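A note on names: the letters A, B, ... follow the listed sequences, proteins ahead of strands, and every chain is numbered from 1. These figures come from a predicted structure and were not determined experimentally.
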There are 2 protein chains.
Amino acid sequence: MEIEPKLCKVEDALGILVGKWKPIILLNLMKEGTQRFSELQRNLPGITQKMLTKQLRELEDEDIIKRVVYPQVPPKVEYSITEYGKTIEPILADMHEWGMKHTQHKQQKAQREVKSVSF
Amino acid sequence: MEIEPKLCKVEDALGILVGKWKPIILLNLMKEGTQRFSELQRNLPGITQKMLTKQLRELEDEDIIKRVVYPQVPPKVEYSITEYGKTIEPILADMHEWGMKHTQHKQQKAQREVKSVSF
DNA sequence: CAGTATCCCCTTAGATACTG
DNA sequence: CAGTATCTAAGGGGATACTG
């Protein structure tokens with residue numbers, strides 16, 4: 001690999017994904033496609049309006065998602081992944097895969113530790 | 001791709017990398033190999049002892065790095081990437097690559113915005 | 001419906017000083 | 001050398017109420 005630590009851009013990519021709700025928001029939009037604000041809120045149990053708004057704005061600022069406002073009453077706002085945003089999908093997929101293996105790894109480690117102290 | 005959002009393990013992988021110094025610590029250990037506490041501190045300008053200790057402990061807890069204490073005076077402690085820890089290297093590489101493209105993307109976007117308001 | 005505006009808590013991270 | 005311990009500031013995130 002050989003990434004020169006001084007020139008490291010990992011943080012830049014990380015910054016997009018960091019935020020309690022960002023990965024799950026992205027996965028939702030990627031899987032379900034375009035959604036309204038209220039739909040997203042329904043699909044993200046526990047998120048508050050404030051947090052949903054904030055995370056969406058940040059993702060929008062990075063060009064990962066697109067926000068379309070329909071000038072009508074009551075308001076209608078739709079969110080979707082941009083073409084550019086789709087380029088981050090493989091990274092999410094890899095992280096998901098690694099995360100699954102890591103869950104396993106930790107379970108195995110925990111098992112070993114239990115055995116070594118039991119008698 | 002199709003990650004089921006409810007079963008998403010992205011957060012688990014993300015948790016390993018999140019922390020102001022973790023990516024750079026990992027890249028240093030991956031590139032330079034085994035290093036002592038003081039070497040790491042030298043290679044990470046600006047980090048405090050407290051932060052370095054904390055991030056190292058967290059990475060150690062996740063089995064990503066290994067800590068070896070030599071019982072001598074003055075103390076000598078060496079840190080290195082575990083075999084298991086190396087499995088996260090491709091993800092760092094991908095994030096670095098994506099991060100470089102993202103930097104470009106943002107610059108191009110900024111250029112377009114400057115042009116559209118100039119005359 | 002799709003947000004703002006407040007208030008509040010907790011965690012993260014930095015600065016600094018101390019120790020086996 | 002390789003850490004702890006303590007204090008503090010800043011920000012992330014939650015609960016709740018209000019609005020065009």
May I have the step-by-step check of side-chain contact (heavy atoms from CB on, under 4.5 Å) for B:H96 and B:L92, ending in yes or no?
CA-CA 6 Å; B:H96 175 63; B:L92 284 176; over 6 Å; no

Side chain to side chain donor-acceptor pair (under 3.5 Å) with B:Q35: which residues, sequence neighbours excluded?
B:N43

Of all residues at least two apart in sequence or in a different chain, which pass the side chain to side chain donor-acceptor pair (under 3.5 Å) check with B:T48?
none

Whether [X] contacts [N] is assessed here as follows: a side-chain N or O lying under 4.0 Å from the phosphate OP1 or OP2. Is that the case?
X     : N     : value
A:Y79 : C:dC1 : no
A:R36 : C:dC1 : no
B:R57 : D:dA2 : no
B:R42 : D:dA2 : no

Tell me the interatomic distance from [X], atom [atom1], to [N], atom [atom2], rounded to whole angstroms.
X     : N      : atom1 : atom2 : answer
B:Q41 : D:dC1  : CD    : C1'   : 10 Å
B:K76 : D:dG3  : NZ    : C1'   : 17 Å
B:F37 : D:dT4  : CZ    : C1'   : 11 Å
B:L52 : C:dT16 : CG    : P     : 18 Å

Report, one line per pair, each donor and acceptor closer than 3.5 Å where one atom sits in a side chain of residues 9-26 of chain A; sequence neighbours left out.
unit_1: A:K22; atom_1: NZ; unit_2: A:V18; atom_2: O; d: 3.0
unit_1: A:K22; atom_1: NZ; unit_2: A:E58; atom_2: OE1; d: 2.6

Sequence-distant partners of A:K86, side-chain contact (heavy atoms from CB on, under 4.5 Å), two or more places apart
A:I81, A:E83, A:E89

Scoring nucleotides 6-20 of chain D by protein non-hydrogen atoms under 4.0 Å (B base, S sugar-phosphate only, - none) yields BB-----BBB----B

Considering only distance and modelled atom types, tabulate donor-acceptor pairs under 3.5 Å from the side chains of residues 61-76 of chain B, sequence neighbours left out.
unit_1: B:E62; atom_1: OE1; unit_2: A:H102; atom_2: NE2; d: 2.7
unit_1: B:D63; atom_1: OD2; unit_2: A:H105; atom_2: NE2; d: 3.0
unit_1: B:R67; atom_1: NE; unit_2: B:Y79; atom_2: OH; d: 3.2
unit_1: B:Y70; atom_1: OH; unit_2: B:E78; atom_2: OE1; d: 3.0

Going by the salt bridge (charged side-chain N to carboxylate O under 4.0 Å, His left out) test, which pairs reach into residues 23-32 of chain B, not counting sequence neighbours?
A:E2-B:K31, A:E4-B:K31

Look at the side chain of A:E39 and the backbone N and O of A:R36, then say whether any donor-acceptor pair between them is shorter than 3.5 Å.
yes

Grouping ILVMFWY residues whenever side-chain heavy atoms fall under 4.5 Å, the cluster of B:L7 otherwise contains none

Grab the stems for DNA chain C, please: at least three consecutive Watson-Crick or wobble pairs, both distances below 3.5 Å, written as range with range.
C:1-20 with D:1-20

